[in-house]
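Along the sequence shown, residues carry numbers from 1. Just so you know, these numbers use all the heavy atoms, side chains as well, and skip hydrogens, waters and symmetry mates.
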Amino acid sequence: MPVSLLTKKDGLSMQERNARRGIYGPNEITIPESSITALLFKEIINPFYVFEIFSLFLWALEEYYLFSLTIFTLSLASVVAAVYQARKTQTTLRNLVESPTFVEVHTDGKRETLPTQLLVPGDLLTLPPAGCILMCDAVLIHGTCIVDESTLTGESVPVTKTAIWREGAVVGEDIYDERVDSGSTLYCGTKVVQSRKNGREGEVLAVCIRTGFATTKGAVVRAVLYPPPLDFKFEKDSYKFVACLAAVASIAFVYTVYDKLRKHTLIHAIFYGLDLITIVVPPALPAAMTVGSMHAQARLKRRSAVFCLSPRAINVAGGIDCVCFDKTGTLTEDTLDLWGVVPIENGQICQPTRDPSTVPCDSHLSAALASCHSLTIVKGELVGDPLDLKMFRSNDWILEEPQMDNESQFDPPFTSVLRPRRQAELRTTVGVVKQLPFSSDLSRMSVVCQNLTDGKFTVYCKGAPEIIFSLCQPQLVPRDCEVTLQHYTQKGYRVIAIAYRELEAPWFEIKTTKREDLEWNLNPLGLIVFENPLKPGCSEVMRELHNANIRTIMVTGDNLQTALSVARNCEMIQADKSIQEIRISSLACAHSPLTFTSVTGIDINPVNFNEKIVENLRIEGEEKSTGTDRMCVALTGETWSYIKINAPELVSNILNQGIVFARMSPGQKQQLVQDLQAQGFCVGMVGDGANDCGALGAANAGISLSDAEASAASAFTARTRGVHAVLAVLKEGRAALTTSFGLFKYMAAYSLTEFTSVMLLYSQDSNFSDLQYLYIDLGLITVFAYLLSHGPPSYGALVKNAPETSLLSRGPLLSLLVQLGIMGVFQMAAFYAVPHSRNYGIFVISSVQYVLLAFVFFHGPPHRAPMSQDWLFIGTTILALLFMLYLMFFPADVIEKLFDLKSPDKVKDRLLVLFLILANIFSAIVIEQILRIYATLPRWTDWHLLAQRFYRICQSHR
């Protein structure tokens with residue numbers, strides 16, 4: 001869009017506004033708020049809860065009240081928790097959207113005050129001097145603003161916005177581009193702290209360019225409201241398994257009704273069959289699974305100050321094998337420390353100066369350090385970019401801003417005046433007359449200053465070294481500048497270059513000169529070297545992730561060299577790894593559009609991309625890489641976009657080898673996460689700003705280190721802002737996933753074991769008594785399901801072997817089927833061992849089996865704390881077994897009557913049942929250990945490895 005179209009000083013006419021309102025609609029970000037009733041209904045129509053309601057109704061008809069009440073209470077708690085969380089998420093989103101206010105708008109050249117809901121793209125707004133909250137995206141066309149963008153970026157440092165167009169610009173030649181002109185773009189939801197007019201412009205003006213959901217804030221809210229659907233293998237497999245249980249239940253129902261019709265009425269036969277369905281498909285399954293996730297959610301909040309919006313996300317986090325990190329504010333601190341400056345004089349690099357305040361005040365280098373920034377004074381405090389603050393304060397100058405009456409129509413001579421703090425040199429005074437803000441596309445910023453001593457004008461320019469040196473006179477650029485630059489960047493420093501040019505033109509010509517005509521033919525002044533300190537513990541976190549075979553990737557909007565330095569420093573890239581940077585050399589070159597640059601060298605050799613991949617990088621696109629065993633690839637967002645469009649067959653290769661993706665836009669970050677997911681990775685994303693919202697929402701598990709908009713888009717929010725939160729989430733996730741597997745297997749095994757018991761008893765036209773059912777369902781299953789769910793994670797280091805994510809994989813499926821077979825065999829043995837007390841035999845041995853199943857499905861290390869630390873589980877297990885021994889051998893008459901238990905008269909029959917129980921316990925535990933080892937074998941047929949590992953385990957227990 002030409003800038004001239006944005007600078008219509010009279011604003012829209014009434015007819016234009018009405019027409020546009022019909023096209024764009026009201027300027028509102030409307031969050032749909034469901035009623036409690038609607039949320040409750042949406043939750044209970046889940047097939048599991050529908051089946052549970054059916055089961056509760058059936059049990060109530062059979063007067064099975066106590067267990068029904070227990071299951072109802074647990075399920076109600078689960079439903080209430082889900083509804084509360086959904087309501088809380090809606091409230092959080094609604095709080096993100098500011099309440100409508102009023103704004104001053106120009107219509108047909110006249111001012112009027114309108115509600116912000118009536119704004120349309122093209123409206124001309126007046127920004128008050130005291131500031132305001134922006135309710136639309138806008139472009140600043142007159143004046144300057146200090147804007148607090150912390151709600152979008154998570155950074156509390158206000159930024160300066162300057163007008164995109166000033167008097168003298170050539171109409172039609174300047175095109176508005178949001179990426180290039182971000183320094184003139186005001187975003188919805190940000191706060192204008194202060195506005196200030198420039199020159200003869202009587203007020204600060206901005207043009208609305210986007211409203212409603214089309215704004216930046218609207219995009220954030222959209223990403224939260226409508227996240228991309230995520231498929232989690234465990235959940236999909238659980239539905240398949242429940243479908244199999246339902247099929248078994250259907251067959252059992254038909255058989256039972258057919259069998260019972262011989263001795264019972266049709267109604268009673270149907271009731272028997274329906275009872276069997278509620279046994280095979282456990283109605284308590286969703287409640288049990290929810291309790292486990294809720295325990296993990298509470299532990300995360302209590303131990304690690306990590307808040308989780310969705311308990312489901314904790315299980316998903318357990319399967320993460322790739323973590324993407326933003327850089328600034330995530331891996332590094334928000335601020336930089338100035339290491340020193342490296343002066344350049346007469347085309348030669350001089351010795352570095354650690355204290356810039358020692359540079360002579362009358363030199364261009366000192367004036368450049370003092371003036372080439374976007375700092376301003378707000379409420380008596382100097383605010384601005386942290387890098388600019390460090391640079392300015394290290395130079396020991398004073399910044400003053402001229403007092404300006406906002407109603408004044410006179411042109412102030414300077415936006416700021418700077419002078420050295422040392423009294424003896426106050427004669428050196430510099431005034432900033434024009435500021436060209438930093439552009440991420442240009443990678444530089446400039447200021448035009450006037451020396452108040454001699455009246456001369458000078459342009460000072462700072463930015464990326466390769467950009468600044470390309471704008472300098474070639475003969476003045478030191479030959480060894482690349483070597484020097486590499487010396488500092490490889491040590492992890494952030495380096496920017498600074499240059500100047502004296503201007504001969506008068507002020508009225510300079511004022512209208514285009515930017516590209518000012519920023520050329522420069523004289524290099526030196527390099528400014530910054531330290532970008534890592535957050536505490538970054539290196540330890542990276543090492544632990546690498547040791548756990550979890551891939552780490554940096555996805556940042558910062559420049560590539562800085563990102564590589566940070567990646568090296570935090571050990572995301574290990575010291576022994578070589579790095580290849582991929583660049584676009586020439587889009588016009590069809591044969592070799594891409595070049596490879598060795599980051600450890602300075603030679604650039606254009607090669608054919610495919611050959612380089614195959615011969616040197618050894619990328620295998622068909623195989624997922626953890627990023628810890630191969631060569632690393634670094635590239636920018638521009639290169640990544642080029643490869644996706646022009647060489648899509650190589651995308652898979654780059655995804656497997658890429659470790660640093662720099663200069664990535666928010667949209668590219670989100671797309672990269674989705675591409676990694678398509679490659680088969682379960683992706684975690686760690687970020688702290690609105691530019692990360694899309695990626696955080698798209699990731700399998702997003703972790704926000706900020707309370708800004710990013711926290712609403714992510715499943716996890718860490719209050720500590722430290723990267724250790726990643727380890728806390730992964731450990732809890734792995735433990736929760738392991739717990740879910742154990743719980744699911746336990747509930748499935750319980751239902752099928754009880755199904756076997758009931759089918760055996762039905763064959764003799766018998767059944768468990770109500771108290772026996774109650775003891776099994778409430779006294780054993782409910783208690784042990786709870787105990788299995790509350791086990792904490794192992795707080796040691798993450799291990800390489802991640803937990804299973806598929807219920808239908810070899811390990812879980814084989815374990816469940818074999819244990820069911822064992823339980824069935826011993827139940828049948830007990831059934832025939834005591835033919836005159838079959839109810840006794842089945843009840844006693846099945847009750848022990850439910851305890852035994854909890855024991856064998858208790859998964860401890862490496863992902864959960866060992867059983868030896870869970871005294872509650874051990875104590876309950878012992879009590880349950882002792883109680884069964886009591887029922888077997890010494891039951892009081894009143895207890896026997898209550899349980900409707902008919903004990904065998906002969907002691908040898910009781911001892912026989914005890915022998916079967918002991919054999920059952922021994923075989924189940926030993927076989928489960930063998931199956932766990934077998935599940936870790938590379939192939940099904942590696943029996944020799946199974947024998948070796950089992951022998952080593954036996955030796956270790958001696």
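- Going from atom CG of Leu774 over to atom CG of Leu780 covers 10.5 Å, rounded to the nearest 0.5 Å.
- The 12-atom threshold is not exceeded at CZ of Phe72, counting heavy atoms of other residues, nucleotides or ligands nearer than 6.0 Å.
- For the atom pair Phe768 CZ and Ser847 OG, the distance stands at 7.0 Å (nearest 0.5 Å).
- The heavy-atom pair separating Met888 from Val913 by the smallest distance is CE-CG1, 4.1 Å.
- For the pair Thr278 and Ser55, the tightest heavy-atom approach, listed with the atom from each and the gap, is CG2-OG, 3.4 Å.
- In this structure, CG on Leu852 lies 9.0 Å from CZ on Phe857, to the nearest 0.5 angstrom.
- Using a 30° and 60° split on the angle between ring planes, Phe784 and Phe873 fall in the perpendicular class, above 60°.
- In this structure, the side chain of Asp321 does not engage the main chain of Phe681 through any donor-acceptor pair within 3.5 Å.
- Closest heavy-atom contact between Ala749 and Leu816: CB-CD1, 3.8 Å.
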Given the rule in the side-chain contact (heavy atoms from CB on, under 4.5 Å) test, do Val280 and Leu752 qualify, once you have shown the distances and angles that lead to the verdict?
CA-CA 6 Å; Val280 177; Leu752 291 173; 4.2 Å; yes
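- Between Leu787 and Phe858, the closest side-chain pair of non-hydrogen atoms is not below 4.5 Å.
- The side-chain heavy atoms of Met823 and Tyr850, taken from C-beta on, include no pair separated by under 4.5 Å.
- Contacts of Gln869 classified as side chain to side chain donor-acceptor pair (under 3.5 Å), with partners at least two apart in sequence or in another chain: none.
- Proximity of a side-chain donor or acceptor of His790 to a complementary backbone N or O of Val291 within less than 3.5 Å is not detected.
- Using a 4.5 Å cut-off on side-chain heavy atoms (C-beta onward), Tyr773 and Asn767 make contact.
- Across Pro282 and Leu245, no two heavy atoms sit closer than the pair CD-CD1, 4.3 Å.
- Within 6.0 Å of the CZ atom in Phe889, the count of heavy atoms belonging to other residues, nucleotides or ligands exceeds 12.
- The side-chain heavy atoms of Asn839 and Leu901, taken from C-beta on, include a pair separated by under 4.5 Å.
- With no hydrogens or angles considered, a side-chain donor-acceptor pair links Asn700 and Gln677 at under 3.5 Å.
- More than 12 non-hydrogen atoms from other residues, nucleotides or ligands lie less than 6.0 angstrom from CZ of Phe54.
- Counting heavy atoms from C-beta on, the side chains of Arg734 and Pro793 never come closer than 4.5 Å.
- For the residue pair Gln849 and Thr753, no side-chain donor N or O sits within less than 3.5 Å of a side-chain acceptor on the partner.
- No donor-acceptor contact under 3.5 angstrom links the side chains of Asp259 and Tyr272, judged on distance only.
- Closest of all the heavy-atom pairs between Leu916 and Ala833 is CD1-CB, 4.2 Å.
- Looking at Glu43 and Leu40, their side chains never come closer than 4.5 Å, going by heavy atoms from C-beta outward.
- Looking only at distances, a side-chain donor or acceptor of Arg87 sits under 3.5 Å from a matching main-chain atom of Ser34.
- Under the 3.5 Å distance criterion, the side-chain polar atoms of Ser837 are left unmatched by any main-chain donor or acceptor of Val834.
- Considering only heavy atoms from C-beta on, Val825 stays 4.5 Å or farther from Asn920 through its side chain.
- For Tyr886, the OH atom sits in a packed shell: over 12 heavy atoms of surrounding residues, nucleotides or ligands are nearer than 6.0 Å.
- Rounded to the nearest 0.5 Å, atoms CG (Leu887) and CZ (Phe843) are 6.0 Å apart.
- Here the side chain of Arg312 pairs no donor or acceptor atom with the backbone of Ser293 at under 3.5 angstrom.
- Between the Glu896 side chain and the Pro891 main chain, no donor and acceptor come within less than 3.5 Å of each other.
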Chi angles and distances behind the side-chain contact (heavy atoms from CB on, under 4.5 Å) call for Cys308, Ile314
CA-CA 8 Å; Cys308 177; Ile314 300 176; 3.8 Å; yes
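- A side-chain donor from one of Glu928 and Ser815 sits under 3.5 Å from a side-chain acceptor of the other.
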Would Asp777 and Tyr750 count as a side-chain hydrogen bond (donor to acceptor under 3.5 Å, both in side chains) if you check the C-alpha gap in whole Å, the side-chain angles of each, and the deciding distance to 0.1 Å?
CA-CA 9 Å; Asp777 294 338; Tyr750 137 70; 3.0 Å; yes
One pair to check against side-chain contact (heavy atoms from CB on, under 4.5 Å): Thr256 and Met759. What are the steps and the verdict?
CA-CA 9 Å; Thr256 301; Met759 289 300 290; 4.2 Å; yes
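- A distance-only check finds no donor-acceptor pair linking the side chain of Ser714 to the backbone of Thr717 [under 3.5 Å].
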Residue pair Leu737, Glu804: steps toward the side-chain contact (heavy atoms from CB on, under 4.5 Å) verdict:
CA-CA 8 Å; Leu737 187 56; Glu804 289 277 4; over 6 Å; no
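- No side-chain heavy atom of Ser766 sits under 4.5 Å from any side-chain heavy atom of Arg838.
- In this structure, Ile776 CD1 and Ile781 CD1 are separated by 7.5 Å, a value rounded to the nearest 0.5 Å.
- Between Tyr786 and His295, the angle of the ring planes goes over 60°, which puts this pair in the perpendicular group of the 30/60° scheme.
- Taking the six-membered ring where tryptophan is involved, the planes of Tyr775 and Phe883 are tilted, since the angle between them lies from 30° to 60°.
- The nearest pair of heavy atoms linking Phe831 to Ser763 is CZ-OG, 3.9 Å.
- Once rounded to the nearest 0.5 Å, the distance linking OH of Tyr840 with CZ of Phe899 reads 13.0 Å.
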